[in-house]
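Below: the structure, in structure tokens.
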2 protein chains.
Amino acid sequence: MSYSPLLLRLIDSLRCMPGIGQKSAQRIAFHLLERDRDGARVLSAALLEAVNGIRHCKQCRMFAEDDLCNICSTQSRDASLLCAVESPADVMAVEDATGYRGHYFVLMGHLSPLDGVGPSELGLEALEKRLAGGTVQELIIATNPTVEGDATAHYLAELAAQHTVAASRIAHGVPLGGELEYVDGGTLSHAFSGRRMVG
Amino acid sequence: MSYSPLLLRLIDSLRCMPGIGQKSAQRIAFHLLERDRDGARVLSAALLEAVNGIRHCKQCRMFAEDDLCNICSTQSRDASLLCAVESPADVMAVEDATGYRGHYFVLMGHLSPLDGVGPSELGLEALEKRLAGGTVQELIIATNPTVEGDATAHYLAELAAQHTVAASRIAHGVPLGGELEYVDGGTLSHAFSGRRMVG
């Protein structure tokens, strides 16, 4: 004995979302059918509209509905600064936390040859063209401090050097409010070797 | 600066699912847009079809596409046995694990007056009618061993008594393969008071 075909199909489809397994999919399906059918209808429409309407900004690869995203189409931003990040969420994090007023380049991932993600999957031809254009003075590399993020950062720095654009990487070390005792060894060692003279 | 309107709407709609907060919704939206647009289209259609096509079995309240669910429409099952469970997933668990060949009644929840869930929300009028019908000989109560599940079980047992139908409750105690040392006190105490004579 099993669920009705439509319910089976719903549970199966829900599993296309990352982090959602069989049990979570069941729980979500039951919840939507039992308590929130309106929410399910809205979600269904939002999914379809997003998939059909959202594409990548032609300049920075951010998700956008038009050719250029909000940031790239803003005239007042400083075009001499370009910040490379791994994901759209990183753009939002930098925008929210810092006063950065330059442009972005969203890699939509990191170099990972084993998963078939090489320079062309990250749109690095477009980045190279932009570095060669002469407007960008500094490439700020803000990939994640992971093995893949570090490898990507190294690759980007070389790319910048080829086009004689200055490259910088955001600082890594002990987070504010963190206690040395509880910070992992790698971070602490990095913080030591990256120490700066005071005064 | 924020995401494009369609993306914001998608992230917002995804949050109608239980257990999905802002960060998970973002991660799911990015994953679907970047790596699985086909999956998103399939999910959108499955949601809409499920919401429009799935209703409750008129007899047992299980999710079904027709008036009666698979189990209620099977002639060969034993109509003298009725098992009350809290959710459709419980029906599947009992079907998979036991040789039970009777019918079910799915409460779709448990009594919880503070959340506004009373007897009528659980369809207990329909259950009462069925108990009064004369076909059911035994009501097997398989609600969860939680405070609300116990209260619901108590209510169901009284309902059965009113219609002179025998009521039983599935056994609770130390699970198979469990070690006494690691079983919680409530379960162990329950297992002791529910001991049965051997031989």
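Just so it is clear, the structure is predicted and the values come from calculations on it, not from any experiment. Sequence lines set the chain letters: A, B, ... in the order given, protein chains first and strands last, and positions in each chain run from 1.
Taking a 6.0 Å sphere around NE2 of B/H172, one finds it holds more than 12 heavy atoms contributed by other residues, nucleotides or ligands. Remark: B/Y100 OH is packed, more than 12 non-hydrogen atoms of other residues, nucleotides or ligands lying under 6.0 Å away.
Interface remark: A/L32 contributes side-chain atoms only to the contact with chain B (heavy atom separation under 4.5 Å). For a residue to count as touching a neighbouring chain, one of its non-hydrogen atoms must lie under 4.5 Å from one of that chain's; by this rule A/A29 does not touch chain B. Using a 4.5 Å cut-off between heavy atoms, A/R35 contacts chain B through its side chain alone, with no backbone atom that close. Heavy atoms closer than 4.5 Å to chain A are found in both the backbone and the side chain of B/E49.
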**OP:** Please lay out, stage by stage, how A/M92 and B/Q26 fare under the test side-chain contact (heavy atoms from CB on, under 4.5 Å).
**Re:** CA-CA 11 Å; A/M92 288 305 136; B/Q26 253 186 38; 5.8 Å; no
**OP:** Given side-chain contact (heavy atoms from CB on, under 4.5 Å), test B/I20 with A/I20 step by step and report yes or no.
**Re:** CA-CA 10 Å; B/I20 306 294; A/I20 305 295; 3.9 Å; yes
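Side-chain contact between B/M17 and A/M17 is present, with at least one heavy-atom pair separated by less than 4.5 Å.
Between B/I28 atom CD1 and A/L47 atom CG the span is 10.0 Å, to the nearest 0.5 Å. We find the CG-CD1 distance between A/L6 and B/I54 to be 5.0 Å, quoted to the nearest 0.5 Å. Between atom CG of residue B/L10 and atom CG of residue A/L48 there is a gap of 11.0 Å, rounded to the nearest 0.5 Å. Note: A/E34 CD to B/F63 CZ = 5.0 Å, rounded to the nearest 0.5 Å. Atoms OG and CG, from A/S13 and B/L43 in turn, are 6.0 Å apart once rounded to the nearest 0.5 Å. If you take CG on A/N70 and OG on B/S4, they are separated by 7.5 Å, rounding to the nearest 0.5 Å.
Of the listed residues (B/G39, B/A46, B/S87, B/S24), the one with the most heavy-atom contacts under 4.5 Å to chain A is B/A46. Chain B forms more heavy-atom pairs under 4.5 Å with one residue of A/P18, A/A40, A/C69 than with any other, namely A/P18. Counting heavy-atom pairs closer than 4.5 Å to chain B, the top-ranked of the candidates A/A64, A/P88, A/G53 is A/P88. For the set A/R9, A/R37, A/E65, A/M108, the entry with the most heavy-atom pairs within less than 4.5 Å of chain B is A/E65. Comparing A/L33, A/L14, A/D38, A/D12 by heavy-atom pairs within less than 4.5 Å of chain B, the highest count is held by A/L33.
By the criterion of side-chain heavy atoms lying less than 4.5 angstrom apart, applied directly or through intervening Ile, Leu, Val, Met, Phe, Trp or Tyr residues, A/Y104 is not grouped with A/L127; the two fall into different hydrophobic clusters. Clustering ILVMFWY residues whenever any of their side-chain heavy atoms sit less than 4.5 angstrom apart, transitively, puts B/I11 in a cluster other than the one holding A/V51. Note: the hydrophobic cluster containing B/F105 does not contain B/V91 (ILVMFWY, side chain heavy atoms under 4.5 Å, direct or indirect links). Taken together through direct or relayed side-chain contacts under 4.5 Å among Ile, Leu, Val, Met, Phe, Trp and Tyr, B/L82 and B/V85 form parts of separate hydrophobic clusters. Hydrophobic clustering (side-chain heavy atoms under 4.5 Å, transitive across Ile, Leu, Val, Met, Phe, Trp, Tyr) groups B/I140 together with B/V106.
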